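In what follows, chains are A, B, ... by sequence order, proteins preceding strands, each numbered from 1. What you see is a predicted model, and the numbers here were worked out from it, not measured in a lab.
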Amino acid sequence: MAISTVDLQAAAGEAAPTPRPAKRQKFRFIANTKTLIGLIILGFYVLLAIFGPILSPYDPDARGDVLLSPPTAQHWFGTTHLGQDIFSQVLSGARGVVYVGLLAGLVATALAVIIGVSSGYLANAGGEALSALSNVFLVIPALPLIIIVASILPSVSNTVIGLVIGFTSWAWGARVLRAQTLSLRGRDYVDAAKATGESTWRIIFFELLPNLTAVIASGFVGTVIFAVLSEITLAFIGVSDPTDWNWGTILFWAQSEQALAQGAWWWFVPAGLAIAVLGTALSLINFGIDEIVNPRLRNAGRIKGKSVRMRIGFTPVLGKENR
Amino acid sequence: MTDKTGEVVLEVDGLSKHFPVRRKGRELLTRKARSVHAVDDVSFTLRRGHVTAMVGESGSGKSTVARLLAQLHHPTSGEIRLHGKRVNVRGGRRFREYVRQVQMIFQDPFGSLNPVHTVRYHLTRSLRIHGNANGNLEEALRELLTRVQLTPPERYIDKFPHELSGGQRQRVAIARALGANPEALLADEPVSMLDVSIRLGVLNLLRDLKERLNLAILYITHDIASARYFADDTVVMYAGWMVEGGDSETVTQKPAHPYTQLLIDSAPDPDRPPRADEVGGEPPSLIRPPQGCRFNPRCPHVMARCKTELPPRLEIGDEPGHWAACWLYADDVEKPAAVGSAEVAG
Amino acid sequence: MSYLLRRIAFYVLTAWAAITINFFVPRLIPGDPVQALISKQRGQLNADAIHSLYVLFGLDKQDPLWHQYVEYLGQLLRGDLGLSFTFFPSPVSEVISTSLPWTLALVGVTTVCSFLLGTGLGVLAGWRRGSWVDLVLPVTTFISSVPYFWFGLIMIELLAGPNSFFPSSGGYDPGVVPGWDIDFIGSAVQHSLLPALTILISSMSGWILSMRNMMVTVSSEDYITVAHAKGLTDRRVMLGYAARNALLPNVSGFALSLGLIVGGTLLVEIVFSYPGVGFQLFQAVGAKDYPLMQGIFLIITLSVLAANFIADLAYLVLDPRTRKEG
Amino acid sequence: ACGGGGSTAKGNADGVLNVGMPNGPQTDNNNPYLSSSAANSLGYKNVIFEPLALFNKVKPTDDAKPWLATKWDWSNNYQTLTLTVRDNVKWSDGQAFSADDVKFTFDLLKATAGLNHNAIPFGDTTVSGSTVTATFTSPQFVNEYKILTDTPIVPKHQWSTFKDPATDPVKDPVGTGPFKLKTFTPQTVTLDVRSDYWKDAPKVKELRYTSYTDNNAQATALATGACEWAFAFIPNAKQVFVSKDPAHNQLYFPPDLAGHGLWFNTTKAPFDNPALRQAINMVINRDDIFNQGESGYFYPPITNITGIPTPAGNSFLAPEYKSQDVKVDVAGAKAKLTGAGFTFDGNTLKDPTGKPVTMTLSDPAGWSDYQTDLEIIKDNVSKIGITATVDKANQDAWTKNVDTGNFDAVLHWTDGGATPYQLYKSIMDGDLYKPVGTPGVNGNYGRFQNADATAALKAYASAADDAGRTAAMNKLQKIFVDNMPVALTSASNLGGEYSTKNWTGWPTNDNPYADAHPTLPGALDVILNLKPAA
Amino acid sequence: MAEPLIEIKNLNVDYGLGDEAVHAVSDVTLTLNRGEVLGLAGESGSGKSTLAYGMTRLLPPPGVVAGGEVIYHDPERGPYDVLSLTNTELREFRWAETSIVFQGAMNSLNPVHRIGSQLTDVIKAHDPRSSKQARAARARELLTLVGIPSDRMDSYPHQLSGGMRQRVMIGMALALEPKVVIMDEPTTALDVVMQRQILGELVQLRERLGFSVLFITHDLSLLVEFSDRIAIMYGGRIVEQAPAKEIYTDSYHPYSAGLLGSFPALRGPKRELTGIPGSPPDLRAMPTGCAFHPRCPKSFEPCATDLPVLGVPDVTGGSDREVACWLHPVR
Ligand SMILES: Nc1ncnc2c1ncn2[C@@H]1O[C@H](COP(=O)(O)OP(=O)(O)OP(=O)(O)O)[C@@H](O)[C@H]1O
Ligand SMILES: Nc1ncnc2c1ncn2[C@@H]1O[C@H](COP(=O)(O)OP(=O)(O)OP(=O)(O)O)[C@@H](O)[C@H]1O
Ligand SMILES: [Mg+2]
Ligand SMILES: [Mg+2]
């Protein structure tokens with residue numbers, strides 16, 4: 001009201017260099033506390049993976065004099081039947097677990113996405129072939145196959161384990177994605193993209209994929225957990241990188257020495273919990289994915305510290321004092 | 001450039017599309033597959049620098065025709081010719097080659113924009129794919145948006161579809177099709193959600209493009225008045241059939257087919273006192289379309305023949321090129337030869 | 001009709017590919033059943049026994065691999081799965097038929113329960129996004145990220161014991177003779193509680209997670225708003241509209257997991273000494289018991305394919321848009 | 001299996017003995033000659049089918065107890081066996097046992113290579129009355145145990161009806177033993193005592209064999225008392241098992257004449273150097289291996305320098321080695337090495353060519369006791385400047401590597417028998433030698449080549465008298481000590497875990513009348529000796 | 001006669017919260033009388049849909065109702081504010097009292113349910129005791145009402161044409177015979193015959209059942225023909241409202257006049273269409289004063305600075321007209 005001279009042109013919005021309206025907050029999903037916590041935990045694990053071996057107070061292999069001792073000031077997580085320091089083993093073991101888990105998760109998710117979405121979208125023989133491929137992989141029981149593959153290979157490194165897990169566990173995700181793609185491919189916007197002249201792979205990756213992110217995200221979380229569990233299971237039944245520690249190796253030793261029966265809970269518990277916390281972190285991160293995936297879910301937020309819960313179908317009414 | 005005006009871009013000949021209907025338990029035994037006869041024996045041409053309007057009943061197969069032309073559906077029979085060459089592509093490079101020349105604006109802007117992409121993405125893609133970004137993408141984007149009166153462009157460029165009103169979405173869809181710089185544009189009710197003033201702007205824009213770039217436009221609409229103003233030719237569809245065609249002014253001012261007459265009569269007009277006699281009747285089922293002329297159950301002028309024989313296209317004679325598929329205009333002496341060949345669907 | 005035929009051909013082809021892989025892959029493992037047996041016995045089997053074992057297993061004459069393969073396919077067509085090495089000379093079919101019911105009962109019931117529970121919780125978690133129900137997910141993921149053998153062992157340690165209600169291993173009490181009587185069934189149920197709980201808890205969060213994510217995606221669709229506008233009860237909107245549409249990926253997942261039931265849950269069966277197929281398979285892999293491995297792979301293959309087929313059909317029923325038209 | 005306390009309480013009152021083995025679910029197969037049968041893997045074949053005579057494996061030099069044979073004689077340099085079979089023995093289906101059954105059994109094994117698991121070279125067998133005369137194509141001194149004790153006699157009247165005895169599961173086993181099959185489930189097999197057994201009726205009225213899926217389940221069952229007798233490796237058994245009921249839970253693990261040790265690849269430098277092998281043998285801490293790896297009970301340590309387990313093998317020891325025990329002697333080892341041209345570069349051992357000595361110790365990951373042992377050895381050899389790494393190989397890959405000689409050093413077992421012959425044979429027999437890279441070795445995994453050793457082994461097996469055998473055995477010991485192809489660390493055992501809560505009369509270290517392994521023939525003797533606890 | 005049914009008072013609707021919020025509807029005051037058809041027209045993007053969804057609290061996030069009241073005069077329970085209903089009350093209120101046809105009607109059907117079941121479940125939700133047959137019969141009746149052969153009951157939405165889907169939604173809106181029907185561009189995909197037929201049906205029904213309609217459309221001729229009163233929105237505000245005929249013959253607000261000058265006539269000679277120059281206002285950076293002034297051919301001083309309020313203009317004639325324009329100062 002105070003401004004009396006208004007540039008008509010500017011008001012019409014023709015020439016006015018209006019500031020780029022509310023630039024998209026790319027990282028706004030971090031604002032979600034749950035996601036933040038998840039990211040922090042994951043970051044912590046990644047740090048452990050990088051620095052764990054350096055941080056460990058003892059050589060995880062080194063035998064000590066204190067056999068099977070409960071946690072003490074010297075040995076935070078106690079010792080094994082050979083007097084090895086379990087805390088050091090857990091620290092050193094993080095690398096293998098995180099590396100294998102993420103590697104396998106990425107490989108499997110990538111394969112699942114590529115094969116699943118393509119086989120769902122392509123209505124031709126190629127699609128059928130891909131779908132057959134995923135069926136074949138689906139029927140080959142993963143764990144025995146991993147055991148078998150691992151035993152064929154001359155040496156089993158973490159990379160190999162990760163790849164093997166990744167290459168054997170994508171089929172499930174592919175199948176689910178395929179099914180979901182089948183129902184997406186009839187959407188108008190897919191047709192529209194096609195009619196615009198998008199190439200098939202672009203439609204798959206840029207039109208369909210973002211709409212599948214929810215499925216992919218849960219698939220990824222699932223696969224990483226599955227990969228970590230597989231790795232640990234493998235180590236538990238004796239297939240692991242011989243030069244490296246991972247939590248499965250710890251559990252392997254604990255189990256073969258019957259730690260629980262001996263009352264050596266400290267040998268058994270930390271590794272299991274560490275895995276569980278990793279899984280939880282991933283599922284916490286998943287919460288933030290909603291908002292990346294679905295632009296319509298963004299913005300639900302707070303106004304001056306007071307949180308307003310946006311609910312579809314029940315639009316919030318702000319109290320008059322908010323105006 | 002201009003000398004190309006009138007050149008046929010797309011030609012449709014005897015196009016039909018039947019959608020199979022799923023049989024349910026009991027019907028599985030009878031083994032007779034049913035289908036929706038969405039489009040039957042449709043023929044017309046799109047010429048450079050011409051706008052062909054397609055009006056008609058809701059559900060009469062207009063969108064299906066557009067989708068067939070865009071190669072998103074594949075015809076049950078009949079053919080589509082682009083520059084005289086028959087096309088039936090299902091994907092790949094040939095398909096992209098085709099869409100470079102033929103673009104489609106979808107009827108439903110709520111469905112045809114990908115909810116996860118911004119306006120910028122949609123438009124950028126269309127520009128990029130067809131190599132129309134030419135250096136300054138930002139500039140091209142701004143220009144596209146300004147063309148469809150989404151101004152200031154900055155305000156819309158980074159929005160997601162759900163943040164736009166219906167009309168705004170429709171304009172994004174138009175802009176997307178324009179970004180490809182096609183030869184033929186299939187516009188399926190492109191302006192139905194725009195207010196009249198913007199609608200006018202957009203139609204003027206299309207007309208301008210048509211004239212400058214020799215665009216061939218198929219303009220599907222329910223707004224017959226706009227067809228009159230904007231289109232050179234108009235065809236009328238009823239229950240999957242083309243029932244009348246001719247230049248727009250004639251079809252709208254001197255409709256020949258009883259359905260067209262009904263259509264024109266029904267158009268809202270504030271100047272005209274509301275009529276008392278509403279023509280009733282229900283649109284026909286496309287699964288079991290009526291025998292003979294599909295309009296016969298509702299037609300005020302129905303004759304015995306209408307119930308058995310399918311009328312061929314008959315010249316009206318008042319204006320060149322004006323025709324209607326109605327026995328009213330049959331010269332009784334010469335029995336149309338086409339009747340025999342037109343299969344009576346049932 | 002031709003669609004159905006095409007599908008059948010497709011499945012037959014897939015089955016053949018899977019069977020072929022299942023035939024060759026195990027044979028790539030170095031070693032043979034006899035060596036495996038000797039290693040397993042670690043010296044308790046005299047070196048002299050080796051020859052007799054080769055003769056016994058029919059491994060003394062070296063058929064070319066492709067020959068064995070053709071023979072195997074022929075056997076399969078005749079419905080003969082061969083003789084198991086580990087349980088020589090019991091036919092593979094017999095070995096499997098003693099362990100399959102256990103697995104089917106334990107894993108089958110728990111899979112169904114876990115799917116129902118998980119999906120139900122997922123529906124809630126997705127629907128009430130942003131409320132306290134969000135907590136369900138991290139908590140269940142926490143539990144399910146625990147390796148389930150670990151979880152099982154801890155449960156045995158904590159819950160099972162000499163005087164506990166929960167037995168720590170086996171499928172039924174040693175004294176009980178299997179049969180359809182109350183004693184046996186009671187004992188079988190009692191023995192299945194802990195393993196079932198382990199599987200349930202550790203597999204549920206997957207369902208929750210995927211269901212929740214789909215719910216979140218679906219709940220921003222227009223038709224949900226319309227459903228609200230229609231004044232339908234919250235339950236109806238949640239179940240009939242949102243969940244119904246969000247269910248699709250989970251349904252195919254579920255069908256798949258039904259197919260995997262017969263594969264058993266290896267480690268749970270190992271940890272709880274449960275007499276199921278998973279354990280059998282594990283043993284077979286260790287013992288290079290090709291016929292048994294192949295037999296188990298075969299039933300897994302067939303049931304997964306069947307489940308897949310069901311998943312396809314379920315999708316057709318559940319999602320009209322995926323039906324092929326035109 | 002080990003359900004609540006119920007089954008434990010029942011134990012004695014009903015005369016039930018609960019036996020367990022950690023062998024996984026079983027199929028209904030009672031063929032005593034198939035190692036895959038339930039009868040074999042749980043061991044109940046021993047109480048159904050009986051041997052001709054029963055040797056005590058714990059004291060291999062003791063005379064055997066006559067069983068189905070009342071007496072036997074070897075002649076023709078152990079190539080002819082003359083037996084007299086017991087009369088008044090009845091098969092469990094009521095038919096009389098006769099010499100024909102013995103002949104039938106021998107002929108069956110001769111004709112069916114698949115069943116002849118001890119590879120006994122049977123010749124012709126004849127019967128006259130209750131006397132059986134069996135011939136063999138080579139001297140059988142070293143196989144006496146296998147023929148007399150490890151050859152269960154089967155009924156002709158039943159087995160001759162089998163189409164293919166080698167693949168017959170013998171669903172309805174008929175034997176001369178004190179028990180007969182009552183019920184079979186994949187998890188538990190129950191046997192009833194026979195009323196018409198030819199010896200005194202056993203006190204145990206019912207035997208219940210439970211198959212646990214693995215050692216852990218087995219250990220739990222033992223600890224809870226659900227299982228009263230088993231053979232399984234229990235880490236820290238003292239705490240996990242014994243301490244649960246110190247008064248009753250017993251470990252009885254007498255050594256056998258078979259060993260476990262670190263096999264060197266004797267063709268591969270620098271392990272082809274006996275001095276290095278001897279030095280390594282000198283630094284291995286067998287006590288740690290016994291106490292940490294083998295939980296202080298499972299595989300008793302081999303202390304004698306000859307690698308012969310004691311006390312079982314005491315009588316075979318050559319006088320010069322009788323009291324030569326290996327002790328950890330780092331200084332001595334170093335001296336030995338430097339004497340042989342090795343050098344020390346600081347803490348690193350270098351071989352005579354100047355290369356640092358490193359070694360990869362490998363064993364399958366699943367064998368946790370071996371793995372622990374390797375960790376200990378790795379630690380031990382570092383004392384003499386050797387850098388070792390432990391490779392937890394996949395079992396199949398490992399088996400293949402051992403088979404083709406592709407390794408530095410592995411922990412592996414040897415064969416065993418009633419004399420140290422089998423042990424030495426499997427280590428040093430040149431006839432078993434296959435060059436590195438050639439698979440199919442059956443012993444001599446270390447690719448040891450020594451003509452003297454091969455000759456001595458032959459001499460032992462075919463010696464005409466004890467003196468000849470003693471000479472050959474002493475020679476073998478000397479060759480072994482001088483070459484140390486395997487650093488033997490532990491003896492095999494014949495033991496078991498048992499509980500005296502309900503049953504007493506078990507063999508003990510003080511009264512080692514039999515071995516205590518539920519699946520070995522001695523089990524029969526043990527079961528017949530059990531009495532209800534007071 | 002003019003008995004108010006819904007009174008919207010100073011309704012404000014925003015997208016987003018705090019400073020980033022877009023004020024899509026500002027200070028709208030509008031009354032829907034019992035039994036009348038109120039047409040709402042206006043610029044595309046001017047907030048018509050937002051107003052309709054805002055007053056029924058159906059805005060998708062991040063939409064929020066930032067203030068105002070929506071008083072519903074319930075014939076039985078007396079007036080109450082829809083904006084302060086609890087969720088349960090709101091659910092009961094919906095469809096039974098106010099039904100709504102969404103703008104994207106073609107998209108607002110659930111793709112996995114047959115249209116028949118989508119029709120019946122709303123009946124079931126509000127009248128759980130009705131029999132299944134009765135519901136099916138009602139659904140069939142509704143489909144016929146909107147000109148869809150009842151053999152399409154078992155079709156899935158994707159098997160219907162755009163117009164058919166719209167008609168299904170219209171039919172659904174009438175299912176419970178509500179007091180208010182809000183229709184947001186319900187006939188964009190309908191041919192004029194069908195449109196006329198359905199609207200005719202609607203008008204008849206309205207006369208019989210006495211409900212009111214809030215009709216949003218861009219088709220002014222349609223509005224003039226079918227509605228009693230028309231309100232014109234521009235930039236989030238109502239700029240004019242008047243009886244239908246009057247606005248057509250004599251509109252006060254220059255924007256309304258511009259609109260009327262833009263639509264093509266079907267009959268008679270083709271006339272020159274003028275359109276409205278300039279472009280729609282930016283809701284984030286609204287011009288001061290009258291939002292239309294930058295495009296207004298008649299703008300003068302106060303327009304640029306002072307916001308004209310909606311009120312009965314100071315001219316002779318009916319007092320049932322309101323306009324927000326400095327040309328027609330409020331009486
Ligand atoms: N989520 C959102 N965030 C920001 N702005 C939004 C959002 N949704 C809608 N808008 C803006 O609010 C304004 C009003 O939208 P609305 O849908 O009410 O328009 P309308 O009058 O119905 O237009 P149309 O006739 O084109 O449907 C539009 O300018 C639109 O850009
Ligand atoms: N996938 C399909 N399966 C079955 N029937 C279909 C399918 N798509 C369209 N139809 C049917 O085809 C007919 C023509 O539909 P189309 O969408 O072309 O109509 P339209 O002329 O565009 O109508 P509107 O003006 O209402 O959009 C309709 O009856 C419709 O139900
Ligand atoms: Mg259409
Ligand atoms: Mg709108």
Looking only at E:D151, E:L259, E:L199, the option with the highest number of non-hydrogen pairs under 4.5 Å against chain B is E:L259
Ring centroid separation for B:H37 and B:F19, is it under 6.0 angstrom? no
Counting only heavy atoms closer than 4.5 Å, note whether E:F102 contacts chain B via side chain, backbone, both or neither. neither
Top of B:Q170, B:K62, B:R169, B:Q253 for chain E proximity - count of heavy-atom pairs under 4.5 angstrom: B:Q253
What residue in E:D191, E:L260, E:L222, E:L220 has the most heavy-atom pairs under 4.5 Å with chain B? E:D191
Whether the side chain of B:Q168 engages the backbone of B:S165 through a donor-acceptor N/O pair (distance < 3.5 Å, no angle test) should be reported. yes
Checking heavy atoms, do the side chain of B:L200, its backbone, both or neither come under 4.5 Å from chain E? side chain
Mind checking side-chain hydrogen bond (donor to acceptor under 3.5 Å, both in side chains) for E:E240 and listing every partner two or more places apart, or none if nothing turns up? E:S256, E:R321
Checking E:D219 against chain B: side chain, backbone, both or neither under 4.5 Å from a heavy atom? side chain
Could you look at E:S161 and say if it's the side chain, the backbone, both or neither that has a heavy atom under 4.5 Å from chain B? side chain
Measure distances from B:I224 to the heavy atoms of chain E and classify the residue's part below 4.5 Å as side chain, backbone, both or neither. both
So do B:H257 and B:V236 actually touch side chain to side chain, heavy atoms under 4.5 Å? no
Could you name each residue pair satisfying salt bridge (charged side-chain N to carboxylate O under 4.0 Å, His left out) that touches residues 192-206 of chain B, not counting sequence neighbours? B:R199-B:D223
So, do E:L51 and E:V13 sit near enough that their side-chain heavy atoms are less than 4.5 Å apart? no
Side chain / backbone / both / neither for E:L160 at chain B, heavy atoms under 4.5 Å: neither
Compute the centroid of each ring, for E:F226 and then for E:F215, and state whether the two points are separated by less than 6.0 Å. no
Measure up the B:H162 and B:F160 rings against each other and bin them: parallel (under 30°), tilted (30 to 60°), perpendicular (over 60°). parallel
Between E:Y248 and chain B, which part of the residue has a heavy atom less than 4.5 Å away: side chain, backbone, both or neither? side chain
Measure B:Y259 against the heavy atoms of chain E and call it side chain, backbone, both or neither at under 4.5 Å. side chain
Side chains of E:Y15 and E:T50: do they bring a donor and an acceptor to under 3.5 Å? yes
Please look at B:V36 and chain E and tell me whether the side chain, the backbone, both or neither of the residue comes under 4.5 angstrom of a heavy atom of that chain. side chain
Is E:Q103 close to chain B through its backbone or its side chain, or both, or neither, when contacts mean heavy atoms under 4.5 Å? both
